[in-house]
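Working notes, structure below.
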Amino acid sequence: MWYNIFGSINTLFIFVSLYGIYAQLNKIWLRSQNGEKHPTDVLSQNQFTVSFLAYFSFFVYGYSIEPFNHYIVWPRLAASLMVAAILFEMWKDRRSGSALSCLILIYASFMLGGVGLALNDTMHDDSKNISTILILAVTVFLAQGYVHQIRLILKSGHTGAVDIRMSQFILLMDISTIAFSCAIGLKESWPLLTLACVSGVTKLVIMYLFHWVKVSSTAKLRRAESY
């Protein structure tokens, strides 16, 4: 019973987080339409690449465990596609080698993930082991990626193209994922629980920085120095 209740709640908040990701994507589009020179200013390519890998690793993990977890698989696939769209906008804005490398990584991930989904019955144990290792690696990279985003805000004294709604909605998703992980059972879900806890803490810090840039004299000084 708790599995279905928290699974449904988690799915609901994942779709809420999708709105947050869309809000971030829409902010980039609006900045571009308004003639901003760099519509993805201050956005951390590092952080969004790791966010993509986090969603995608959940997608792989969801189809690797028994039973096939529809609550995890399909919403995370949708989130992966939307974060991929943000990284595509970064490539359009920056045209850097690293941005192109991110697009190649995304393409390769979808190709391999699709193969894994199609062959899941014959590769079940391997898929589960690979996805567990991937989630743990992504947890480390996720922490590093969000620290990078935090440092960019602290260094510049402003939030630039960063949209607070994305952090707010993803935090709600993280909280529901923690509850859902407990309902699944820690033996199966501890990788998901670890990643959700790390993600939630970093979202809280970023949300605080939106307040910091408004009230901090240090932030005001750094904004003046950057213009």
Side-chain angles (χ1 to χ4, degrees), residues 1-25 48-88 105-139 141-142 165-200 203:
M1 181 182 70
W2 291 114
Y3 173 88
N4 289 321
I5 291 173
F6 285 120
S8 299
I9 293 172
N10 184 238
T11 300
L12 172 63
F13 280 116
I14 291 170
F15 282 111
V16 170
S17 78
L18 286 177
Y19 174 75
I21 299 171
Y22 171 77
Q24 176 65 80
L25 184 60
F48 277 96
T49 301
V50 176
S51 293
F52 166 79
L53 291 174
Y55 281 121
F56 196 78
S57 64
F58 271 61
F59 162 68
V60 175
Y61 191 81
Y63 71 63
S64 301
I65 61 177
E66 287 288 351
F68 185 105
N69 196 311
H70 294 278
Y71 292 121
I72 293 175
V73 171
W74 306 120
R76 260 63 178 210
L77 178 59
S80 298
L81 290 167
M82 293 193 69
V83 176
I86 292 175
L87 287 165
F88 177 71
L105 173 64
I106 289 168
Y107 179 77
S109 296
F110 281 127
M111 289 291 290
L112 293 173
V115 170
L117 179 60
L119 302 178
N120 187 47
D121 289 340
T122 59
M123 299 175 57
H124 174 74
D125 291 336
D126 290 336
S127 295
K128 184 177 179 181
N129 291 334
I130 290 170
S131 62
T132 299
I133 293 170
L134 181 60
I135 287 174
L136 294 178
V138 165
T139 300
F141 291 134
L142 185 75
R165 288 172 296 178
M166 189 179 79
S167 291
Q168 292 170 333
F169 292 140
I170 293 178
L171 176 62
L172 291 174
M173 182 196 70
D174 290 333
I175 293 171
S176 67
T177 299
I178 291 170
F180 186 39
S181 298
C182 293
I184 293 173
L186 296 183
K187 184 177 179 180
E188 281 284 351
S189 67
W190 65 267
L192 309 184
L193 180 63
T194 302
L195 194 151
C197 288
V198 170
S199 177
K203 298 300 181 302

Output, in order, the C-alpha distance, side-chain angles, deciding distance and verdict of side chain to side chain contact (heavy atoms under 4.5 Å, CB included) for Val138 and Tyr55.
-> CA-CA 10 Å; Val138 165; Tyr55 281 121; over 6 Å; no

Atom of Pro75, atom of His70 and distance for their closest heavy-atom approach = CD-O, 3.6 Å

To the nearest 0.5 Å, atom CD1 of Ile184 lies from atom CG of Leu192 at 6.0 Å

Got Thr177 and Phe58 here, is their nearest side-chain heavy-atom distance under 4.5 Å?
-> yes

Say you draw a straight line from CZ of Arg165 to CD of Gln24; how long is it, rounded to the nearest 0.5 Å?
-> 9.0 Å

Answer yes or no: is there a side-chain heavy-atom contact under 4.5 Å between Arg76 and Ile14?
-> yes

Rounded distance (nearest 0.5 Å) linking atom CG of Leu172 with atom CD1 of Ile9 = 12.0 Å

If you round to the nearest 0.5 Å, how far is OG1 of Thr194 from CG of Leu186?
-> 9.5 Å

Do Cys197 and Ile178 have side chains that get closer than 4.5 Å, going by heavy atoms?
-> yes

So which heavy atom on Gly20 is nearest to which on Met166, and how close?
-> O-CB, 3.4 Å

Heavy atoms from other residues, nucleotides or ligands near CZ of Phe110 exceed 12 (cutoff 6.0 Å) = yes

Got a second to check how far Leu81's CG is from Leu77's CG, nearest 0.5 Å?
-> 5.0 Å

Considering only heavy atoms from C-beta outward, does the side chain of Ile72 approach that of Phe180 to under 4.5 Å?
-> yes

Heavy-atom closest pair (Ser189 atom, Cys182 atom, distance to 0.1 Å) is OG-N, 4.4 Å

Mind checking whether Trp74 and Phe59 have parallel, tilted or perpendicular rings, split at 30° and 60°?
-> tilted

How far does CG of Leu87 sit from CD1 of Ile106, to the nearest 0.5 angstrom?
-> 4.5 Å

Student check: side-chain heavy atoms of Ser181 and Trp190 closer than 4.5 Å = no

Does the ring center of Phe52 lie less than 6.0 Å from the ring center of Phe48?
-> no

Just wondering, do Tyr61 and Leu195 contact through their side chains at under 4.5 Å, heavy atoms?
-> no

Which atoms form the tightest heavy-atom contact between Ile135 and Pro191, and what is the distance?
-> CG2-O, 3.4 Å

Taking all heavy atoms of Ala54 and all of Ser57, pick out the closest pair and write down the distance.
-> O-OG, 2.8 Å

Side chain to side chain contact (heavy atoms under 4.5 Å, CB included) assessment of Leu18 paired with Phe169 = CA-CA 8 Å; Leu18 286 177; Phe169 292 140; over 6 Å; no

So, for Gly200 and Leu171, which heavy atoms are closest and what is the spacing to 0.1 Å?
-> O-CD1, 3.6 Å

